[in-house]
Protein chains: 2
Amino acid sequence: MVTIYDIAEKANVSAMTVSRVINNTGKISDKTRAKVKKVMEELHYVPNHTARSLVLQQTRVLFLLITDITNPFYTTLSRGAEDAAKKSDYRLLFGNSDESLEKESDYLTTILSSRVDGVLIAPAGDPSFPHLDSLRKHNVPFVLLDREVPGIECDIVLGDSKEGARSLVDYLMSQGHRRIAMINGSSSISSARLRLQGYQEALKLNDLIYDEAYVHEASFGPQSDLAQIEQWLDSMEPMPTAIMAGNNVLAIEVIRLLRKRGLRIPEDQSIVCIDDFGPYSEMDPFMTVAAQQAYQFGYLGMQMLIERIQERNIAVPWKKIVLPAELIIRRSVLPISE
Amino acid sequence: MVTIYDIAEKANVSAMTVSRVINNTGKISDKTRAKVKKVMEELHYVPNHTARSLVLQQTRVLFLLITDITNPFYTTLSRGAEDAAKKSDYRLLFGNSDESLEKESDYLTTILSSRVDGVLIAPAGDPSFPHLDSLRKHNVPFVLLDREVPGIECDIVLGDSKEGARSLVDYLMSQGHRRIAMINGSSSISSARLRLQGYQEALKLNDLIYDEAYVHEASFGPQSDLAQIEQWLDSMEPMPTAIMAGNNVLAIEVIRLLRKRGLRIPEDQSIVCIDDFGPYSEMDPFMTVAAQQAYQFGYLGMQMLIERIQERNIAVPWKKIVLPAELIIRRSVLPISE
DNA sequence: GTGAAAGCGCTAACAG
DNA sequence: CTGTTAGCGCTTTCAC
């Protein structure tokens, strides 16, 4: 591995001069600069970021931890985060916790020990508290995405989950549906709780009875227990006419199971969900959704993070951005009349 | 920031002893070990990976560079890579080049200067040569994914692009289609070239004439020039009855443009593509595709990379894995009779 | 303009 | 079993 000393030797200068050329600091004669640059090229020199970070105590690297890399909500969010990071000349690294606390914990070790300058994180849920607490203890600036964690005060970008769920239920009502079930993510996730609340409130406002048997708690990620979901579907008596899924991944799981038992959508079973499907919705516009502004989550979150880093020592109050969801009506709901 | 010296001082031992406790090396009395561990916890010590990497000259971090984080092919591939990396206890970092040589180059700087142990990379195309060449020059083990780059000899996982394209055209033929157009990614990408070849060969085998006007070169990524695609669609006279897209992203773009002008799919225009849509295909199974084994790309690629790192100094011949694509017939193609 | 010395946090090699 | 020394590649400080 070529070091600045190799360059220095070959160029007949000191390592310090090479360092100055690399970083464009101090005063260097044009002649020396040219000579050093030439040697650097000849030797294919690449600065050792590791060594540099060690002495500088900063990396200019930011980390984005998402909970499901195959979910278009998060990948679109990632694009937003990338764009914002690039604009401020930060490098961005990604991690994928897969909605797993354990993997999140692994990434936290990586994050902490690699001394990145800041973190954008969609936490796995309330039990992520110790992870975030440790970021705070170690003085690593971070911004939360999509989910609040009780006890953690920080900058955050949120979707209006309650309103999103409510608008979906209202729409189903307007289409004549009265028996509406909900499948949701873990109640340890703030957005799941709010979505359930939105559902309950909408039922109440429309004078419908809330029945626990029509609500099932699974996982927002890829590790839902399918057998349990099937069992739930079997247990509802009578079957609901419409099902609302707490996110896009759950909607797909349910559809798959429904199809497996020969049901057609929407003819036999209407379905809606929160979160859109990114580009894939345009393929064959199918699912009626409360679409969240995924890109904005990433972009605004990253902006907040960078500001926070730059104003590190200034006491700026925590910011909270809540983005509304948009109801997009497609064809997964059958209008019915009683 | 807490260092091993802080621990050492408080525990009344030397830094070296602390280091040994952390790494579980050498012989330490249980008593000392317990004492050191206790102090470590009290002080919330986190090892400085940066410093450690500097002396160890290895990071135990692998890097996965994909070209489109919103493309389910790559996200599914990422899951495979993650799983394989985890199995061998490597950490994995992600980068997204967005099919852009410039961004790829940025990531290469990150990769090189952060001294990761190995790289799994889907190159932007043939012009990625210098990037890969520089990995080679710097002795960083890497495995290519999905695309070959002329002049680069290395381990690689490939899809059988030619056969995939051919099977799609054959299927269209079997459904009575004779005027088949193709929209493709850049010809500087090996897989795009092979897909075009597959298309051409299938036409030839079926005694159909290859007409350049029916072929359009756009981009596999999100930066296709939509105006040009529209112009191409306008220019075909007569319109093809079916269009084959070189990948999933292009298929969506074309569908969007087609819908914009009021055409229905498949009634007015049949369409097929290479690459499936991950979980989103199950939502409303629509597109007929030649599905590639995305997960396997990542998993097998990562395995090869890790083996290569472990056998760093042994001369093992380069491996090349070619994964077949699977034709999945759904409903984006209208059977026609002439 | 340029260089020498010291140190960022850690571990390998050796000594005891 | 534990400690001392040196050095990974770089930059800051201070000298000249």
Closest to the [X] side chain, choosing from [options]:
X	options	answer
B:Thr17	D:dT13, D:dT2, C:dG1	D:dT2
B:Thr32	D:dG9, C:dG3, D:dC1	D:dC1
A:Val55	C:dT11, C:dC10, C:dC8	C:dC8
A:Leu54	C:dT11, C:dG9, D:dT2	C:dG9
A:Arg52	C:dG9, C:dG1, D:dT11	D:dT11
A:Met16	D:dG3, D:dT11, C:dT2	D:dT11
A:Thr3	D:dC10, C:dG3, C:dC10	D:dC10
A:Ser19	D:dC8, D:dT2, D:dT11	D:dT11

>> Heavy atoms only, 4.0 Å cut-off, all strands: where does B:Ile22 land among base, sugar-phosphate and nothing?
In response: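 It contacts nothing in the nucleic acid.
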>> Once you apply a heavy-atom cut-off of 4.0 Å, does B:Ile28 come out as touching a base, just sugar-phosphate, or nothing?
In response: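 Touches sugar-phosphate only.
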>> Go nucleotide by nucleotide along DNA chain D from the 5' end; which of B:Ala15 and A:Ala15 gets its closest nucleotide reached first?
In response: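 Here B:Ala15 is the residue nearer the 5' end.
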> If you pin A:Thr25 and B:Asn12 to their nearest nucleotides in DNA chain D, which one's is more 5'?
Replying inline: B:Asn12
Quickly work out the [X] [atom1] to [N] [atom2] distance and round it to whole Å.
X	N	atom1	atom2	value
A:Ile4	D:dT11	CD1	P	6 Å
B:Asn48	C:dC8	CG	C1'	9 Å
A:Glu9	C:dG3	CD	P	13 Å
B:Leu56	C:dA12	CG	C1'	9 Å
A:Leu112	C:dG9	CG	C1'	15 Å
B:Lys27	C:dA12	NZ	C1'	17 Å
B:Gln58	D:dC8	CD	P	17 Å

> For the atom pair CD1 (A:Ile156) and CG (A:Leu300), what is the distance rounded to the nearest 0.5 Å?
Replying inline: 13.0 Å
> Any idea how B:Tyr107 and B:Phe63 line up, ring-wise: parallel (<30°), tilted (30 to 60°), or perpendicular (>60°)?
Replying inline: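 Taking B:Phe63 first and then B:Tyr107, their aromatic rings sit tilted (interplane angle of 30° to 60°).
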>> Can you tell me how the ring of A:His44 sits relative to the ring of B:His138, calling it parallel under 30°, perpendicular over 60° and tilted otherwise?
In response: perpendicular
>> Here's a test for you: under side chain to side chain contact (heavy atoms under 4.5 Å, CB included), which of A:Lys35, A:Met16, A:Arg33 qualifies with A:Val21?
In response: A:Arg33
> Out of A:Leu120, A:Asp117, A:Leu64, which residue meets the side chain to side chain contact (heavy atoms under 4.5 Å, CB included) rule with A:Leu305?
Replying inline: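 For A:Leu305, the side chain to side chain contact (heavy atoms under 4.5 Å, CB included) test succeeds with only one of A:Leu120, A:Asp117, A:Leu64, which is A:Leu120.
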Are OP1 or OP2 of [N] and a side-chain N or O of [X] less than 4.0 angstrom apart?
X	N	answer
B:Asn23	C:dT11	yes
B:Ser29	D:dT2	yes
B:Gln57	C:dA12	no

> Within the modelled atom types, does a donor on one side and an acceptor on the other bring the side chain of B:Arg20 and the base of D:dG3 under 3.5 Å apart?
Replying inline: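 For B:Arg20, whose side chain was compared with the base of D:dG3, there is a donor-acceptor pair (under 3.5 Å).
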> Has the side chain of A:Tyr5 got a donor or acceptor atom sitting under 3.5 Å from an opposite partner on the base of D:dC8?
Replying inline: no
>> Looking at every non-hydrogen atom in both residues, tell me the closest pair between B:Leu112 and A:Val46 and how far apart they are.
In response: CB-CG1, 3.8 Å
